[in-house]
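Note on naming: letters A, B, ... go to the chains in the order of the sequence lines (proteins, then strands), and numbering restarts at 1 for each one.
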Number of protein chains: 2
Amino acid sequence: MLSKRAKYAIKTILFLKDRPEGKPISAKVISENENIPYKFLENILRELRTHRLIKSIRGSEGGYVLAKDPSEISIAQIMRIVDGPIALIPCISEKFYEACAECEDEQTCRIRKMFAEVRAEMVPILERPITAMDKEA
Amino acid sequence: MLSKRAKYAIKTILFLKDRPEGKPISAKVISENENIPYKFLENILRELRTHRLIKSIRGSEGGYVLAKDPSEISIAQIMRIVDGPIALIPCISEKFYEACAECEDEQTCRIRKMFAEVRAEMVPILERPITAMDKEA
DNA sequence: TATTATTCATACCTGTTTGATATGATATAT
DNA sequence: ATATATCATATCAAACAGGTATGAATAATA
Ligand code: FES
Ligand code: FES
């Protein structure tokens with residue numbers, strides 16, 4: 001299941017994508033429109049900023065804008081930033097690799113082989129640009 | 001990420017699938033061979049049994065056997081039994097539906113639409129029979 | 001029938017994660 | 001100056017994950 005963090009993050013990115021560029025949107029506005037707890041949202045926004053998905057403008061009249069074209073942002077990116085690995089098992093994750101304690105030999109592990117295939121088919125689904133996913137019906 | 005429960009459950013199913021039918025396999029044997037904590041495994045086995053994936057034979061010389069043909073068992077089934085929903089958001093899950101508190105209108109929610117598509121593409125991957133996934137290389 | 005090997009059931013425990021809040025500093029347009 | 005923002009860190013309660021403890025029930029077999 002997707003964490004609230006990830007869900008809120010995706011909602012935030014979509015919200016920013018909808019606004020005309022140039023005018024920064026404040027955390028308060030996002031929070032009220034998307035029903036996201038204000039302080040929790042601030043945390044998420046900071047995380048998205050440090051990972052260069054959004055830019056912030058400080059001070060009065062400040063706020064946030066996308067740091068890249070929406071066509072270059074995917075659900076996978078957002079999930080990795082706020083939730084960590086997408087892979088279903090740690091020994092397969094590329095960005096967050098970790099060995100499996102209870103498996104004798106990673107090279108011959110059947111579970112690992114199964115999930116390598118799952119991952120290979122799953123990641124492209126999540127890596128599509130949000131502009132392709134978020135179509136008007 | 002897959003929980004340990006799910007991983008252990010899948011390992012167990014594969015282990016049983018490998019054994020010639022007829023002779024039940026004890027929890028102890030599974031535990032030792034797959035490096036799964038014994039008592040934890042007992043919990044998982046019970047869960048798999050109540051959901052009719054395996055059958056148990058009590059008493060001395062007892063143990064567990066698959067309750068259906070391996071070609072009728074999928075990763076998705078196992079995951080649903082031990083971990084719950086596969087869908088990334090609750091408002092999409094068929095077996096574990098729950099409304100999203102912070103979304104105004106489920107019918108028009110864009111996140112929901114996006115993840116409905118993700119789900120539609122993801123579930124078939126996980127619903128393939130384990131006999132198809134677990135090939136000898 | 002006593003023993004042993006096993007499943008079955010329930011309850012409990014501990015550390016981590018999740019979702020969220022509190023407090024306050026810093027920056028900037030007006 | 002003041003109001004409006006972001007930025008940073010710390011804290012917290014509840015839920016969850018992973019695992020353990022205790023013991024009852026069942027059945028093969030010596
Ligand atoms: S090595 Fe990772 S699942 Fe076996
Ligand atoms: S209704 Fe479930 S994500 Fe919006």
Side-chain angles (χ1 to χ4, degrees), chain A residues 1-12 16 22-32 34-51 53-65 67 79 81-85 88-90 96 98 100-102, chain B residues 1-9 11-12 16 22-32 34-65 67 79 81-85 88-90 96 98 100-102:
Chain A
M1 279 282 218
L2 205 65
S3 71
K4 293 267 185 158
R5 275 185 94 77
K7 192 171 167 186
Y8 292 161
I10 295 170
K11 286 203 166 194
T12 296
L16 292 179
K23 327 177 194 170
I25 315 288
S26 73
K28 193 182 172 207
V29 167
I30 301 171
S31 163
E32 281 166 0
E34 297 292 341
N35 299 308
I36 304 173
Y38 178 74
K39 277 297 181 184
F40 194 29
L41 176 61
E42 274 195 325
N43 284 336
I44 297 166
L45 286 165
R46 184 145 20 86
E47 216 166 7
L48 292 175
R49 178 184 53 94
T50 60
H51 288 84
L53 243 53
I54 62 179
K55 275 187 287 201
S56 64
I57 295 90
R58 299 186 64 164
S60 186
E61 300 290 293
Y64 301 87
V65 290
M79 286 176 66
I81 289 172
V82 303
D83 273 2
L88 290 179
I89 41 178
F96 299 87
E98 233 174 303
C100 291
E102 83 285 0
Chain B
M1 278 283 218
L2 206 65
S3 70
K4 293 265 184 161
R5 276 185 94 77
K7 193 171 167 185
Y8 293 160
K11 287 202 167 193
T12 297
L16 292 179
K23 327 177 194 168
I25 315 288
S26 73
K28 193 182 173 209
V29 167
I30 301 171
S31 163
E32 281 165 3
E34 296 293 341
N35 299 309
I36 304 173
Y38 178 75
K39 277 297 181 184
F40 195 28
L41 176 61
E42 274 195 325
N43 284 335
I44 297 166
L45 286 165
R46 184 145 21 84
E47 217 166 4
L48 292 175
R49 178 184 52 93
T50 60
H51 288 84
R52 321 270 165 179
L53 242 54
I54 63 179
K55 276 188 287 203
S56 64
I57 294 90
R58 300 186 66 164
S60 186
E61 300 288 295
Y64 301 87
V65 291
M79 286 177 66
I81 289 172
V82 302
D83 273 2
L88 290 178
I89 40 178
F96 300 86
E98 232 175 303
C100 291
E102 83 286 359

* Just how far is it from atom CG of A:D83 to atom CZ of A:R5, taken to the nearest 0.5 Å? -> 8.0 Å
* Asked: How about A:E98: does its CD atom have over 12 heavy atoms from other parts shown lying under 6.0 Å from it?
  -> no
* Spacing of A:S3 atom OG and B:I89 atom CD1 [to the nearest 0.5 Å] -> 12.0 Å
* Asked: In Å, rounded to the nearest 0.5 Å, how long is the span from OH of A:Y8 to CG of A:L45?
  -> 13.0 Å
* To do: Figure out the CE/P separation between B:M1 and C:dT17, and round it to whole Å.
  => 11 Å
* **Summary of protein contacts for nucleotides 20-27 of chain C, nucleotide by nucleotide, where a base hit scores B, a sugar-phosphate-only hit scores S (4.0 Å, heavy atoms)** => BB-BB-BB
* Remember a base hit wins even if backbone is also touched, and classify A:I57 as base, sugar-phosphate or nothing at under 4.0 Å, heavy atoms. => sugar-phosphate
With a cut-off of 3.5 Å and sequence neighbours excluded, list every side-chain donor-acceptor pair involving residues 48-64 of chain B.
| unit_1 | atom_1 | unit_2 | atom_2 | d |
| --- | --- | --- | --- | --- |
| B:T50 | OG1 | B:R46 | O | 3.4 |
| B:T50 | OG1 | B:E47 | O | 3.0 |
| B:H51 | ND1 | B:E47 | O | 3.0 |

* C:dT7 C1' sits how many Å from B:L48 CG, rounded? -> 14 Å
* In whole angstroms, how far is the C1' atom of C:dG19 from the CG atom of A:L2? -> 14 Å
* Send over the distance from B:I44 CD1 to C:dA9 P, rounded to a whole Å. => 16 Å
* To do: Quick one: pull up CG in B:L88 and NZ in A:K7 and give me the separation to the nearest 0.5 Å.
  => 11.5 Å
* B:A27 or A:A6, whichever maps to the more 5' nucleotide of DNA chain C -> B:A27
* To do: Select one nucleotide: of C:dT7, C:dA29, C:dG19, the one nearest the side-chain heavy atoms of B:S56.
  => C:dT7
* Structure fact -> NZ (A:K39) and CD1 (A:I44) are apart, to the nearest 0.5 Å, by 13.0 Å
* Asked: Hey, are the side chains of B:L2 and B:M79 touching, using non-hydrogen atoms and a 4.5 Å cut-off?
  -> yes
* Structure fact -> Students should find that the nucleotides of DNA chain D closing off the region near chain A, any atom under 4.0 angstrom from a heavy atom, are D:dT4 to D:dT9
